[in-house]
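One structure is given here, and the rest of the page talks about it.
Naming convention: chains lettered A, B, ... in sequence-line order (proteins, then strands); numbering from 1 in each chain.
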Amino acid sequence: MPTITLPDGKNLNFLKEATGIEIAGKISKSLLKQALIMSVDGELKDLYFPIKKDSSVKIFTAKDPEGLEVIRHDTAHIMAMAVQELYPGTQVTIGPVIENGFYYDFARKKPFTEDDLKKIEKRMSEIIDKDVKTRREVWKRDEAISHFKKIGEKYKAEILESIPKNEELTVYHHGDTWHDLCRGPHLLSSGKIGKAFKLTKVAGAYWRGDSKNEMLQRIYGTSWASQKDLDAYLNRIEEAEKRDHRKLGKEMDLFHFREESPGSVFWHEKGWALFQKLINYMKMKQDAAGYKEINTPEVLDRSLWEKSGHWEKFGSNMYTSTTPDEKVFAIKPMNCPGCVEVFNQGLKSYKDLPLKMSEFGKVHRYEPSGALHGLLRVRAFTQDDAHIFCTEDQITKECLTVTNLILEIYKDLGFENVILKYSDRPELRVGDDSVWNKAEAALLEAVKATKLEYTINKGEGAFYGPKIEFVLRDAIGRDWQCGTLQVDFNLPGRLGASYVDKDGTKKVPVMLHRALFGSLERFIGILIENYAGKFPFWISPLQTVIIPISEDFEDYAKKVSNKIKEVGISCLVDLKNHNLNYKIREHSLAKVPILLICGKKEVDSNSVTIRRLDSDKQENMELNKFLKTFSALNKVSSN
RNA sequence: GCCCUUGUAGCUCAGCUGGUAGAGCAAUUGAUUUGUAAUCAAUAGGUCCGCGGUUCGAAUCCGUGCGGGGGCACCA
């Protein structure tokens with residue numbers, strides 16, 4: 001006689017046992033129709049699961065995240081079923097739900113093509129129309145293994161062998177012809193999935209995510225509660241594509257890439273202007289925060305990299321060069337060793353600490369070709385790097401100071417949402433465990449002191465120390481990893497850095513590595529996507545364009561332009577033989593924030609007529625007032 | 001690096017089953033002198049990514065290399 005407690009506190013009584021179907025039916029007809037899955041005392045179960053004891057039960061529909069997740073999971077199963085029907089001999093492996101959809105990895109000699117996706121979609125649709133029933137079975141381990149081996153599913157058998165012995169093994173049947181080893185739960189029948197799904201892409205993926213293993217064929221799909229949701233999702237993707245920095249970079253004439261140097265940026269005038277603005281801004285912030293800017297060589301002798309440990313731990317990513325006299329140099333992949341060499345010049349006292357040295361260093365890393373991605377992943381980039389030499393006691397405070405600076409600059413650039421990722425010791429590392437213990441504890445303390453949301457990433461630290469990464473969330477909710485702060489107890493010692501302490505003895509300083517934008521290249525890519533190319537006035541690479549109404553007003557336009565440039569605002573006079581409408585369209589598409597129209601009216605009143613990007617309002621302003629207003633706006637973070 | 005996919009004018013793209021290339025925009029020139037998102041006309045512009053092969057003949061088919069895109073792995 002189980003009593004079922006519903007979320008609203010109501011109780012339902014059943015004679016023998018209750019299923020979700022019966023419970024939903026007692027609540028309402030419409031719920032029975034919409035019910036997809038239920039939770040019994042917090043645990044998700046199939047709707048036909050018999051409840052024998054008193055429990056609290058919640059029924060989920062497609063409106064709940066739980067319901068949507070099951071829809072996606074079932075879509076993945078039906079896809080696998082369709083694939084195995086269409087392509088006999090294909091083995092199934094795993095098929096999880098992911099953000100916005102699902103994938104399923106298959107083992108098949110002949111890879112799937114985009115055309116196959118349409119055929120698979122069609123077959124899925126047919127299976128959904130047939131509304132085949134789902135059935136759950138509990139299997140014995142040995143039977144399951146030998147069964148899957150027998151039917152040629154060697155990956156499933158391998159998965160089975162890795163499942164802990166005490167775990168119950170379940171197999172789900174969809175109709176009479178197809179089944180899969182699966183934890184479940186699942187929908188009652190394939191018809192419950194609906195038709196709001198789409199297979200989106202094919203890709204290779206390594207078995208168990210390990211590049212030493214064979215490559216499987218992965219099919220990605222997305223699945224939603226309604227066609228409307230699916231359309232909205234596809235629309236969101238399209239909107240994100242419009243912001244693609246590679247596309248906008250080309251359209252806005254900011255930079256380009258070419259075959260001769262994959263992964264290295266050719267900056268055009270406007271892109272470089274943007275780059276310089278960010279650097280100047282950062283210099284201003286760092287000067288105020290007590291950093292000393294230095295610069296070190298890009299090419300350094302192999303012996304230094306051997307001493308620093310980079311040669312051994314990072315060598316496969318380094319560009320090297322052999323000179324005509326057979327000396328081996330490496331192009332720096334990091335700025336730190338050079339910075340330590342600067343620290344080592346002259347005797348340092350404890351009074352000099354913490355010593356903050358910044359460097360806008362250009363580094364080169366030979367990234368795998370498949371990793372390259374526009375400005376976001378390049379082989380040559382400029383770091384807004386700095387190294388802070390300090391004592392162990394100063395670590396936590398310095399980490400906090402760095403964090404505050406980071407949050408300030410992110411805010412100035414329009415990013416308010418920041419989360420932290422803390423990473424501890426990796427397998428491949430230098431230094432004793434006792435040293436790592438100290439470094440990790442100090443950094444974690446700083447993380448906690450920020451009071452920001454953070455995640456812990458086991459084993460993902462740098463080879464020389466633990467690190468924090470700063471992740472910012474952009475205008476359309478995507479996360480980007482930018483800044484980093486790393487504690488290093490190793491490098492200063494390796495490169496012989498020391499300071500004289502109060503008691504007159506020499507001690508090895510601790511070194512903090514930090515970069516706030518991370519890579520200027522990458523950060524600009526993120527800025528472009530965040531603003532969809534429509535930068536705030538102060539960082540816009542071309543801030544104003546003057547459009548004279550006709551040739552008669554060229555002189556006035558040039559005069560205005562000179563005055564604008566004098567106050568440090570970039571300005572272009574468009575003297576081309578095109579009409580006003582044409583020029584407004586062209587410069588609006590180029591995302592110039594301010595267009596200034598000059599004709600008879602403006603000459604007579606010594607003024608300009610302003611047209612702001614994305615507004616068709618006309619705003620007349622006396623020239624001197626314009627200069628005053630906009631040079632104020634041109635100051636950092638005034639927008 | 002691995003799997004799939006892709007590479008035609010400055011840009012966006014067309015070119016069916018092989019017969020040495022086309023459009024729009026941009027550019028140049030001329031006309032027009034324009035008051036808030038494309039004025040008209042003419043002209044010029046291409047080793048069809050590179051290298052091999054098949055063929056009487058290759059942008060098109062095959063092989064290979066390089067680059068781009070989507071994933072996987074990598075991201076110290």
Could I get a table of every N or O pair under 3.5 Å where one atom is in the protein and the other is in nucleotides 24-27 of chain B?
residue : atom : partner : partner atom : Å
B:rA26  : OP1  : A:Y582  : OH           : 2.6

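- For residues 592-604 of chain A, the set of pairs meeting the salt bridge (Lys or Arg N to Asp or Glu O under 4.0 Å) definition, not counting sequence neighbours, comprises A:K600-A:D604.
- Using a 4.0 Å cutoff on non-hydrogen atoms, no part of residues 522-535 of chain A comes near RNA chain B.
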Got a list of protein N/O to nucleotides 6-16 of chain B N/O distances below 3.5 Å?
residue : atom : partner : partner atom : Å
B:rU12  : OP1  : A:K250  : NZ           : 3.1

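- Every residue was checked against the ring-ring contact (aromatic ring centres under 6.0 Å, His included) condition with A:W480, not counting sequence neighbours, and none meets it.
- For residues 435-444 of chain A, the set of pairs meeting the side chain to side chain donor-acceptor pair (under 3.5 Å) definition, not counting sequence neighbours, comprises A:E392-A:K438, A:R425-A:N437, A:R425-A:E440.
- Residues meeting the ring-ring contact (aromatic ring centres under 6.0 Å, His included) test with A:Y103, sequence neighbours left out: A:Y220.
- Every residue meeting the side-chain contact (heavy atoms from CB on, under 4.5 Å) condition with A:Q618, not counting sequence neighbours, appears here in chain and number order: A:T609.
- Within the structure, salt bridge (Lys or Arg N to Asp or Glu O under 4.0 Å) contacts touching residues 360-369 of chain A (residues at least two apart or in different chains) are A:E367-A:R377.
- No hydrogens or angles were tested; on distance alone, a donor-acceptor pair under 3.5 Å links the side chain of A:E602 to the base of B:rG35.
- A:K118 meets the side-chain contact (heavy atoms from CB on, under 4.5 Å) test with A:D115; sequence neighbours excluded.
- With RNA chain B read from its 5' end, the first of the two nearest nucleotides for A:A462 and A:Q217 is the one closest to A:Q217.
- Nucleotides B:rA9 and B:rC49 have their P atoms positioned 8 Å apart, rounded to a whole Å.
- Applying the ring-ring contact (aromatic ring centres under 6.0 Å, His included) criterion to A:F112, with sequence neighbours excluded, gives A:Y87, A:F106.
- Counting non-hydrogen atoms under 4.0 angstrom, A:K201 reaches the backbone sugars and phosphates but no base.
- Annotation: ring-ring contact (aromatic ring centres under 6.0 Å, His included) contacts of A:H387 (sequence neighbours excluded): A:H513.
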